[in-house]
Protein chains: 2
Amino acid sequence: MSTPEQPLQPLNANEEALLRELGRVMIVLPRVIDADMMREEHLPLSEYTTLMYLSEAPNRLMRMSELAATCNLSLSGITRVVTRLEKQGLVERVRCDEDARGWNAVLTDAGLARLEKAWPAHLASARRHVFDHLEGTDLTQLIHALRRFAT
Amino acid sequence: MSTPEQPLQPLNANEEALLRELGRVMIVLPRVIDADMMREEHLPLSEYTTLMYLSEAPNRLMRMSELAATCNLSLSGITRVVTRLEKQGLVERVRCDEDARGWNAVLTDAGLARLEKAWPAHLASARRHVFDHLEGTDLTQLIHALRRFAT
DNA sequence: AAAGAATGCTTGCTCCGTCAAGTAATCCAC
DNA sequence: GTGGATTACTTGACGGAGCAAGCATTCTTT
């Protein structure tokens with residue numbers, strides 16, 4: 001390549017290998033976990049995750065925008081997830097007291113029950129695809145690295 | 001929960017944290033790298049990856065099914081990527097000599113040039129979102145763990 | 001050598017998530 | 001306190017990726 005360019009060091013062999021594995025995992029892992037959840041619980045991973053974060057919020061309630069950020073979804077994305085969950089009676093939308101522009105998504109009792117029914121499948125999937133392969137890995141170090149990715 | 005169930009140990013705090021970070025990275029990392037590639041090169045990550053793997057194949061040529069597996073795409077997914085690349089003149093489809101059902105995707109000279117133009121953007125993105133945050137991480141250990149995920 | 005099974009790839013359909021534009025409510029300047 | 005900007009969320013249009021059905025070719029059996 002003959003064009004002038006910034007001094008970018010190429011990757012070494014280890015970095016190259018990491019990048020390719022990361023590419024694979026990024027694509028495949030969400031797919032297989034979602035497939036597990038669909039097969040065993042007919043609950044997409046996105047909906048499971050949303051229920052999970054809602055269940056941990058005070059009063060099982062979160063503003064839409066807050067929920068979107070927590071779930072790593074766009075605002076329109078969370079609108080659609082919540083609409084689907086609402087149709088199943090698992091969450092409700094209630095207007096926000098202090099700001100009538102805002103909406104809270106609230107986890108219903110049915111939603112909590114659904115989550116409690118579904119979590120073993122999610123846990124099993126996570127074990128199967130992730131934790132069963134972590135022997136000899138320093139978790140703390142790994143978490144620390146992941147936490148800074150894509151920020 | 002009162003239903004009988006398999007003895008699933010819940011996750012400890014570290015595992016819980018890892019799972020959530022992994023959830024975030026799986027979702028966000030492909031998105032930001034793709035966004036970088038689009039902004040700087042108008043080349044989606046899926047197309048870049050496809051060109052890259054093709055460039056490394058003998059004769060810059062691969063069977064569709066082989067390419068799909070390598071790129072972690074479904075067969076129909078790779079059909080569509082290759083069709084888009086073909087429209088841009090970056091790859092060609094040529095019938096497979098030894099089996100007329102099969103097709104090879106071949107990287108054209110234009111495709112190779114496109115790849116060489118684009119890779120600095122990809123490398124920079126990978127550095128920015130991944131490698132710049134790996135200080136103090138044992139790469140070999142990490143690669144080894146990732147390689148076994150979702151298999 | 002002809003018919004039926006299997007293989008390799010493509011196409012039709014659908015889902016899911018993004019972006020951009022739209023709507024409704026609030027904040028701010030004056 | 002009224003008009004214009006800003007904010008919170010929703011909706012419409014779009015695109016990417018998967019599955020299942022379809023089409024063409026090859027293999028297998030007799």
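In what follows, chains are A, B, ... by sequence order, proteins preceding strands, each numbered from 1. Because only heavy atoms are used, hydrogens play no part in the values below, and waters and symmetry mates are left out as well, while side chains stay in.
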Gap separating the CD1 atom of A/Ile78 from the CE atom of A/Met62, nearest 0.5 angstrom = 9.0 Å
Can you tell me the distance, in whole Å, between the CG atom of A/Leu45 and the C1' atom of C/dC15?
-> 15 Å
In whole Å, what is the span from the CG atom of A/Leu67 to the P atom of C/dG17?
-> 13 Å
The nucleotide from C/dC9, D/dA24, C/dC16 with an atom nearest the side chain of A/Pro44 is C/dC16
In whole angstrom, give the distance that lies between atom CZ of B/Arg63 and atom C1' of C/dT10.
-> 15 Å
Considering only heavy atoms from C-beta outward, does the side chain of A/Arg127 approach that of B/Glu15 to under 4.5 Å?
-> yes
By nearest-heavy-atom nucleotide on DNA chain C, the more 5' of A/Leu73 and B/Ser65 is B/Ser65
Run the salt-bridge test on A/Arg148 and B/Asp132 with the 4.0 Å N-O cut-off and return the result as yes or no.
-> no
Report the distance from atom CG of B/Asn72 to atom C1' of D/dG16, rounded to the nearest whole Å.
-> 16 Å
Closest nucleotide among C/dC19, C/dC9, C/dT26 to the B/Met64 side chain = C/dC9
Provide, to the nearest angstrom, the distance between the CZ atom belonging to A/Arg101 and the C1' atom belonging to D/dA8.
-> 6 Å
Selected nucleotide, minimal atom distance to B/Ala100 side chain, candidates D/dT10, D/dG12, D/dT26 = D/dT26
Rounded interatomic separation in angstrom, taking CD1 from A/Ile78 and C1' from D/dT11 = 16 Å
Closer to the 5' end of DNA chain C via nearest nucleotide, is it A/Val81 or B/Glu66?
-> B/Glu66
Atom-pair distance (CZ on B/Arg39; C1' on C/dT18), nearest Å = 16 Å
B/Met52 side, atom CE; B/Leu45 side, atom CG - distance, nearest 0.5 Å = 9.0 Å
Taking the six-membered ring for Trp and the full ring for Phe, Tyr or His, determine whether the centres of A/Tyr48 and A/His122 are under 6.0 Å apart.
-> yes
Could you state the atom-to-atom distance from CG of A/Leu75 to C1' of C/dA20 in whole Å?
-> 13 Å
Would one find a side-chain N or O of A/Ser76 under 4.0 angstrom from OP1 or OP2 of C/dC19?
-> no
Check every atom of D/dG18, D/dT10, C/dG17 against the side chain of B/Arg80 and return the nucleotide holding the closest atom.
-> D/dG18
May I ask you to evaluate whether B/Arg31 reaches the phosphate of C/dT18, defined as a side-chain N or O under 4.0 Å from OP1 or OP2?
-> yes
Base, sugar-phosphate, or nothing for B/Ser46, non-hydrogen atoms under 4.0 angstrom?
-> sugar-phosphate
For the side chain of A/Arg95, starting at C-beta, report the closest nucleotide among C/dA24, D/dT10, D/dG18.
-> C/dA24
Taking only side-chain nitrogens and oxygens of A/Ser74, does any of them come within less than 4.0 Å of OP1 or OP2 of C/dC19?
-> no
So what does A/Gly77 hit on the nucleic acid, given a heavy-atom distance under 4.0 Å: a base, only sugar-phosphate, or nothing?
-> base
